[in-house]
Amino acid sequence: MFIARWQIDARFGHKQAALDLMREWEKEIGRKAGLDPSRTSILTGSIGLKEATIENNMTVDSLAELERFFETIATIPEHMAWGKKLEPFVVSGTSRWSILRVVPME
């Protein structure tokens with residue numbers, strides 16, 4: 001199992017707008033791509049992180065599942081339009097993906 005973490009930093013004074021758009025993406029675009037809302041979470045910086053940091057974490061069973069997800073969202077026209085709506089609220093250059101492997105408890 002893996003956690004795919006997409007992280008951005010919101011521009012000063014625009015964190016709530018960015019959060020609202022992240023929720024909109026999950027409901028409208030993520031679901032079209034097969035995203036299971038029970039396997040995602042949106043987090044924000046609190047202690048030890050920038051307050052402006054916003055993360056969307058998605059749990060997937062395999063890298064193949066994640067690859068299929070990426071391929072699917074690339075075909076959804078609303079995804080590109082959503083990115084253009086989000087852009088004014090994000091610090092340029094802060095978008096990044098991190099993929100973490102979940103270590104099972106024994």
Side-chain angles (χ1 to χ4, degrees):
M1 189 177 324
F2 296 86
I3 295 175
R5 174 182 291 168
W6 185 56
Q7 188 178 81
I8 60 170
D9 286 345
R11 294 176 58 95
F12 185 78
H14 297 283
K15 183 175 171 181
Q16 190 58 54
L19 283 168
D20 292 344
L21 284 168
M22 295 286 271
R23 287 188 193 104
E24 175 186 305
W25 184 92
E26 275 196 347
K27 289 177 188 170
E28 297 177 14
I29 299 162
R31 288 186 185 184
K32 286 183 181 181
L35 185 69
D36 178 352
S38 70
R39 299 185 78 194
T40 68
S41 58
I42 296 175
L43 303 100
T44 62
S46 185
I47 298 170
L49 271 171
K50 293 182 234 172
E51 187 178 328
T53 297
I54 301 171
E55 273 187 16
N56 186 317
N57 289 341
M58 174 176 59
T59 302
V60 294
D61 291 324
S62 67
L63 293 176
E65 179 184 349
L66 181 61
E67 183 64 29
R68 283 190 302 276
F69 174 77
F70 286 146
E71 289 171 358
T72 302
I73 62 171
T75 66
I76 300 173
E78 295 89 351
H79 178 66
M80 182 179 286
W82 174 86
K84 291 182 186 301
K85 282 183 5 185
L86 179 66
E87 187 274 330
F89 306 114
V90 175
V91 176
S92 184
T94 62
S95 175
R96 72 179 192 161
W97 278 94
S98 302
I99 312 301
L100 297 95
R101 182 182 306 272
V102 176
V103 178
M105 299 291 289
E106 293 184 327

Spacing of [X] atom [atom1] and [Y] atom [atom2] [to the nearest 0.5 Å]:
X: Met58; Y: Ile3; atom1: CE; atom2: CD1; value: 11.0 Å
X: Ile54; Y: Leu21; atom1: CD1; atom2: CG; value: 9.5 Å
X: Arg68; Y: Leu63; atom1: CZ; atom2: CG; value: 10.5 Å
X: Met22; Y: Lys15; atom1: CE; atom2: NZ; value: 12.0 Å
X: Ile8; Y: Arg96; atom1: CD1; atom2: CZ; value: 12.5 Å
X: Asp61; Y: Phe2; atom1: CG; atom2: CZ; value: 10.0 Å

According to a 4.5 Å side-chain heavy-atom criterion applied to Ile, Leu, Val, Met, Phe, Trp and Tyr, with indirect links allowed, do [X] and [Y] form part of one hydrophobic cluster?
X: Leu86; Y: Val91; answer: no
X: Phe69; Y: Ile42; answer: yes
X: Met80; Y: Ile29; answer: no
X: Leu35; Y: Trp97; answer: yes
X: Val60; Y: Val103; answer: no

Which heavy atom of Thr72 sits nearest to which heavy atom of Ala33, and what is that distance?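 Taking every non-hydrogen atom into account, CG2-CA, 3.6 Å.
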Glu78, CD atom: more than 12 neighbouring heavy atoms under 6.0 Å: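 Yes, CD of Glu78 has more than 12 neighbouring heavy atoms, counting only those of other groups under 6.0 Å.
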Please lay out, stage by stage, how Asp20 and Gln16 fare under the test side-chain contact (heavy atoms from CB on, under 4.5 Å). CA-CA 6 Å; Asp20 292 344; Gln16 190 58 54; 2.8 Å; yes
Evaluate the ring planes of His79 and Trp25, with Trp represented by its six-membered ring, and classify them as parallel (under 30°), tilted (30 to 60°) or perpendicular (over 60°).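 The arrangement is perpendicular - the two ring planes meet at more than 60°.
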